[in-house]
K.L.:
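Before we start, here is the structure in question, set down as C-alpha cells.
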Amino acid sequence: MLSYVLRTLFKMAITLFIIITLVFFATRLSGNPIDFVIGEGITQEDRQLLIAYYGLDGSVATQYWKFIASIFTGEFGLSFLERRPVAEIAAERIWPSLKLLFSTAVFTFALSIPLGIAAAVYRTRFVGSAIMAIAFMGYAVPPFVIATLLVLIFAYTLNWLPVVGDGTALHFIMPTLAMSGMFVAALTRFTRNAMLDVLGQDYMRTARAKGLPERTVILKHGLRNASITILSVVGLQIAGWIAAGSVVIESIFSWPGIGDLLVRSAIMRDYPVLQFGVLMVAVAVICINAAVDIAYAYADPRIRLAKG
C-alpha cells in the first residue's frame with residue numbers, strides 16, 4: 001500500500017508541474033501585460049521602471065524559474081492591477097468559494113443519493129423511470145444554460161432572487177442550483193447503478209431472510225457496500241465543481257470567489273494572480289483525485305494491483 005501511495009504522490013507532482021508550466025507559458029503568448037494594463041500616455045522610462053518593478057525585465061526562462069521558486073518560498077509577487085500581494089488577494093476570495101462549494105455539496109448529496117436509491121429500488125416502476133429521465137435531462141444541460149434560465153425566470157421575470165453577490169441566503173439559491181444540476185444528475189445515475197450491483201447479492205437476500213425491515217436492508221447493507229463505488233464519483237464531482245463549475249457559475253453571478261478572480265485576471269492579463277489561482281485550483285483537484293484513488297484502492301486491493 002505504501003508503494004501505491006508513493007506512486008500516486010509522484011504522479012501528482014508530475015501532473016502539477018505540467019499544469020503550472022503550461023499556464024506560465026500560455027500567459028506569455030499575448031505579449032507584455034504592462035502595455036495592456038497601463039495603456040497609452042506613459043513615457044518609455046516609466047514603462048521600463050514598471051517592467052523591472054514587476055520582474056518582467058528578465059528572459060522568459062528567468063521568469064519561469066522565479067515562478068517555480070515562488071511556489072516553494074510563498075512569494076508570488078504583486079498583482080498588476082491592485083498592486084497587492086497575490087496571496088492576500090486570493091485569501092479574500094477563498095471563503096466565498098468554499099461557502100458556495102459547501103452549499104452545492106449539501107444540496108447535491110441530499111438530493112441525488114435518495115433519488116439514486118429510489119431509482120434502483122423502483123427500477124421497474126414509473127417512479128424509477130421518471131427519476132432517470134429527469135437525471136439524463138439534467139446531465140445533458142450545461143451549468144451555464146441552467147444559470148441563464150434561472151436568472152431570466154427568477155431574477156428578471158419574477159424578481160424573486162438577487163443575481164450578484166453573496167450577501168444573503170437568497171444569493172446562494174441560483175448559484176447552488178446552477179452548479180449542482182449536472183452533478184445531481186450524474187451522482188443519481190451512478191448511485192442507481194451502484195445500488196443495482198448490490199441489490200441482487202447473496203448477503204442482501206440473507207438480510208431479508210433474517211426478517212430485517214426493507215429500509216434497514218437497503219440503507220445498512222445495500223448502501224454501505226455500494227458506497228465504495230459512489231466514493232469515486234463523489235471525488236470527481238467535487239473536482240468538477242472546483243475546476244469548471246465554480247469558474248463558470250461565479251462569473252455569471254459575479255460571485256466574489258476564486259473562479260470569478262480567475263476569469264477577471266485572464267481578461268485583464270493579471271498574470272501573477274492568474275498563475276496563483278490556477279495553481280490553487282490544480283492543487284485542490286489533484287489532491288482530491290489522489291485522496292479518492294488512495295481511499296478506493298485501500299477499500300479494494302484489486303484496484304491498486306490493476307494500476308500497478
K.L.:
Check M204 against V198 and note the closest heavy-atom contact, atom names and distance.
P.N.:
CG-O, 2.9 Å

K.L.:
Any sub-3.5 Å donor-acceptor pair from S254's side-chain atoms to G165's backbone N or O?
P.N.:
no

K.L.:
With sequence neighbours excluded, tell me which residues meet ring-ring contact (aromatic ring centres under 6.0 Å, His included) with F276.
P.N.:
F76

K.L.:
With sequence neighbours left out, which residue pairs that include part of residues 155-178 fulfil the salt bridge (charged side-chain N to carboxylate O under 4.0 Å, His left out) condition?
P.N.:
K99-D166

K.L.:
Mark yes when over 12 heavy atoms from residues, nucleotides or ligands other than R125 sit less than 6.0 Å from its CZ; otherwise mark no.
P.N.:
no

K.L.:
How long is the span from the CZ atom in R189 to the OG1 atom in T191, to the nearest 0.5 Å?
P.N.:
10.5 Å

K.L.:
Hey, could you give me each pair passing side chain to side chain donor-acceptor pair (under 3.5 Å) that has a residue in residues 167-178? Not counting sequence neighbours.
P.N.:
S103-T176, T168-H171

K.L.:
Looking at L161 and M174, what are the two nearest heavy atoms and their distance?
P.N.:
CD1-CG, 3.5 Å

K.L.:
Answer yes or no: is there a donor N or O on one side and an acceptor on the other, between the side chain of W255 and the main chain of P96, under 3.5 Å?
P.N.:
yes

K.L.:
If you group Ile, Leu, Val, Met, Phe, Trp and Tyr by side-chain heavy-atom gaps below 4.5 Å, do F126 and I117 land in one group?
P.N.:
no

K.L.:
Nearest heavy-atom pair of L223 and L219: which atoms, and what distance?
P.N.:
CB-O, 3.3 Å

K.L.:
Using 0.5 Å steps for rounding, measure from the CG atom of L170 to the CH2 atom of W160.
P.N.:
12.0 Å

K.L.:
Can you find a heavy atom in the side chain of V163 that is under 4.5 Å from one in the side chain of F253?
P.N.:
yes

K.L.:
Enumerate donor-acceptor pairs with a distance under 3.5 Å from any side-chain N or O in residues 66-73 to protein atoms, sequence neighbours excluded.
P.N.:
{"from": "S70", "atom 1": "OG", "to": "F67", "atom 2": "O", "distance (Å)": "2.5"}
{"from": "T73", "atom 1": "OG1", "to": "A69", "atom 2": "O", "distance (Å)": "3.2"}
{"from": "T73", "atom 1": "OG1", "to": "E75", "atom 2": "N", "distance (Å)": "3.4"}

K.L.:
To the closest 0.5 Å, what do you measure between OG1 (T108) and CD1 (I113)?
P.N.:
10.0 Å

K.L.:
Enumerate donor-acceptor pairs with a distance under 3.5 Å from any side-chain N or O in residues 12-25 to protein atoms, sequence neighbours excluded.
P.N.:
{"from": "T15", "atom 1": "OG1", "to": "K11", "atom 2": "O", "distance (Å)": "2.8"}
{"from": "T21", "atom 1": "OG1", "to": "F17", "atom 2": "O", "distance (Å)": "2.7"}
{"from": "T21", "atom 1": "OG1", "to": "Y64", "atom 2": "OH", "distance (Å)": "2.8"}

K.L.:
Transitively linked via ILVMFWY side-chain contacts under 4.5 Å: V141 with I173?
P.N.:
yes

K.L.:
Identify, with sequence neighbours excluded, every residue that meets side-chain hydrogen bond (donor to acceptor under 3.5 Å, both in side chains) alongside S79.
P.N.:
D270

K.L.:
When clusters are formed by joining ILVMFWY residues with side-chain heavy atoms under 4.5 Å apart, either directly or through shared neighbours, do L261 and I267 land in the same one?
P.N.:
yes

K.L.:
Would you mind reporting whether R84 and E92 have side-chain heavy atoms less than 4.5 Å apart?
P.N.:
yes

K.L.:
When rounded to the nearest 0.5 angstrom, what is the spacing between CG in L274 and CZ in F80?
P.N.:
10.5 Å

K.L.:
Quick one: hydrophobic cluster around M132, which other residues, with the 4.5 Å side-chain cut-off, linked directly or via members?
P.N.:
F136

K.L.:
Taking all heavy atoms of V263 and all of S251, pick out the closest pair and write down the distance.
P.N.:
CG2-OG, 3.0 Å

K.L.:
Could you pull out the closest heavy-atom pair between A120 and L196, with the gap in Å?
P.N.:
O-CD2, 3.8 Å

K.L.:
At their closest point, which heavy atom of E250 faces which heavy atom of I258, and how far apart are they?
P.N.:
OE1-N, 3.3 Å

K.L.:
Taking only residues two or more places apart in sequence, or in another chain, which ones meet N159 in a side-chain hydrogen bond (donor to acceptor under 3.5 Å, both in side chains)?
P.N.:
none

K.L.:
Between atom CE of M268 and atom CG of L81, what is the distance when rounded to the nearest 0.5 Å?
P.N.:
5.0 Å

K.L.:
Please say yes or no: joined through hydrophobic side-chain contacts below 4.5 Å, possibly via intermediate residues, are V285 and L9 part of one cluster?
P.N.:
yes

K.L.:
Below 4.5 Å, heavy atoms only, C-beta onward: do V86 and L78 meet side chain to side chain?
P.N.:
no

K.L.:
Linking I/L/V/M/F/W/Y whenever their side-chain heavy atoms sit closer than 4.5 Å, directly or via other members, would L177 and M137 fall into one cluster?
P.N.:
no

K.L.:
Donor-acceptor pairs under 3.5 Å, side chain of residues 142-149 to any protein atom, not counting sequence neighbours: which ones?
P.N.:
{"from": "T148", "atom 1": "OG1", "to": "F144", "atom 2": "O", "distance (Å)": "2.7"}

K.L.:
Mind checking what makes side-chain hydrogen bond (donor to acceptor under 3.5 Å, both in side chains) contact with Q201, not counting sequence neighbours?
P.N.:
none

K.L.:
Identify which one of L187, V127, I131 satisfies the side-chain contact (heavy atoms from CB on, under 4.5 Å) criterion when paired with L115.
P.N.:
I131

K.L.:
Using salt bridge (Lys or Arg N to Asp or Glu O under 4.0 Å) as the criterion, list what pairs up with D260, not counting sequence neighbours.
P.N.:
R93, R264

K.L.:
Please name all residues satisfying side chain to side chain contact (heavy atoms under 4.5 Å, CB included) with I134, sequence neighbours left out, ordered by chain then number.
P.N.:
none

